[in-house]
Amino acid sequence: MRFDRLHSWPKTASAAIRIQERLAGDLEFSQITSEPELIAGVDCAFSRDESRTIAGVVVWRRRERGICETRVAQARCTFPYIPGLLSFRELPAVLSALSALRNVPDVVLCDAQGLAHPRAMGLACHLGLWLNLPTIGCAKSRLCGEFDEPGPRRGQSSPLLLKGRQVGVVLRTRDRVKPLFVSPGHRCDIESATRLTLEAAVRYRLPEPTRLAHQLVTQARNE
DNA sequence: GCGACAG
DNA sequence: ATCTTGTCGC
């Protein structure tokens, strides 16, 4: 799969923030009506010496609930981890892995935030704009926003609010298990993000695509 | 200034 | 993210 370069890579945190502020205006939020056939999941790990980012992509067939294609790629770390600027650290490797894909997914799930970000530009939003594909942020913990603990059962959720505006949901994907922080990336809305995440989280806390991508990069790291 | 802080 | 073993609960 191919896509054009969205912007040059920043060297400093302030330059990265300026890019986020400019990109935020290009986001589109709409309902995903058609049932996606292929759902991709991306995740990253780091080489033991922390010099390289290892990214993995798993394209998952929604109906068969099986793996369609997997890709792994690495890239040298050129940006440090700074809360709020995660995409500048991980996207180089993620984009490399995605560019090797033969099957173009209908939507991409990310192990990170989407709209639930201080400047409305979590990794899922950034990736969605770069690929011009629908993306969803499925983070394991909170970056920002306020919320009440959702009910204990799978499927129960509570709104995630930022400055009084709902930016996502805190969603329980398994009974009595720590909830996920779900928010739309690009070309998606809160309701669609919630529905697809729950649909892809068939047996574990994490949706299958990102869970499998995590296994993929963990294995790649140990060899 | 202090605390919070995706992966 | 990563460093790490056993252990409690469904």
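Nearest heavy atom pair, residue A/Ala24 against residue A/Arg119, reads CB-O, 3.8 Å.
Residue A/Phe181 contributes atom CZ, which lies 13 Å from atom C1' of B/dA4 at whole-angstrom precision. Atoms CD (A/Glu50) and P (C/dC3) sit 9 Å apart, rounded to a whole Å. Atom-to-atom, CE of A/Met121 to P of B/dC5 comes out at 22 Å; the value is rounded to the nearest Å. Atom CG of A/Asp111 and atom P of B/dA6 are 12 Å apart (whole Å). Atom-to-atom, CD of A/Gln113 to P of B/dA6 comes out at 8 Å; the value is rounded to the nearest Å. One can place CG of A/Leu160 at 18 Å from P of B/dA4, the figure rounded to the nearest angstrom. Separating the CZ atom of A/Arg203 from the P atom of C/dC10 is a distance of 17 Å, rounded to the nearest angstrom. The NZ atom of A/Lys178 sits 22 Å away from the P atom of C/dC8 (whole-angstrom rounding).
Within 4.0 Å of A/Tyr81, counting heavy atoms only, lies at least one base atom of the nucleic acid. A/Arg174 comes within 4.0 angstrom of nothing in the nucleic acid, heavy atoms only. Residue A/Leu180 is out of contact with every strand shown, counting any heavy-atom pair closer than 4.0 Å. Using a 4.0 Å heavy-atom criterion, one finds that A/Ala139 contacts the sugar-phosphate atoms exclusively. Using a 4.0 Å heavy-atom distance criterion, A/His126 is classed as making no nucleic acid contact. Using a 4.0 Å heavy-atom distance criterion, A/Asp43 is classed as a sugar-phosphate-only contact. Within 4.0 Å (heavy atoms only), A/Gly137 reaches no atom of the nucleic acid at all.
The side chain of A/Arg142 approaches B/dA4 more closely than any other nucleotide in the set B/dA6, B/dA4, C/dA1. In this structure, of B/dA6, B/dA4, C/dC10, it is B/dA6 that holds the atom nearest to the side chain of A/Ser141. Here the side chain of A/Arg176 is nearest to one of B/dG7, C/dT2, C/dC10, namely C/dC10.
Under the 4.5 Å side-chain heavy-atom criterion for grouping Ile, Leu, Val, Met, Phe, Trp and Tyr, A/Leu123 is connected to A/Leu160 within one hydrophobic cluster.
Taking side-chain N and O atoms only, A/His214 has no distance below 4.0 Å to OP1 or OP2 of B/dG7. An OP1 or OP2 oxygen of C/dT2 is reached within less than 4.0 angstrom by a side-chain nitrogen or oxygen of A/Arg221. Of the side-chain N and O atoms in A/Arg48, one or more sit less than 4.0 angstrom from OP1 or OP2 of C/dC3. Within the structure, every side-chain polar atom (N or O) of A/Lys140 is placed at least 4.0 Å from both OP1 and OP2 of B/dA6.
With respect to A/Asp175 and A/Arg153, a salt bridge is recorded, a charged nitrogen being found less than 4.0 Å from a carboxylate O. Using a cutoff of 4.0 Å between basic side-chain nitrogens and carboxylate oxygens, A/Arg195 and A/Glu35 are scored as salt-bridged. Comment: A/Arg102 does not engage A/Glu69 in a salt bridge, judged by the lack of any side-chain N to carboxylate O separation of less than 4.0 angstrom.
Within a 6.0 Å radius of NZ in A/Lys178, other residues, nucleotides and ligands contribute more than 12 heavy atoms.
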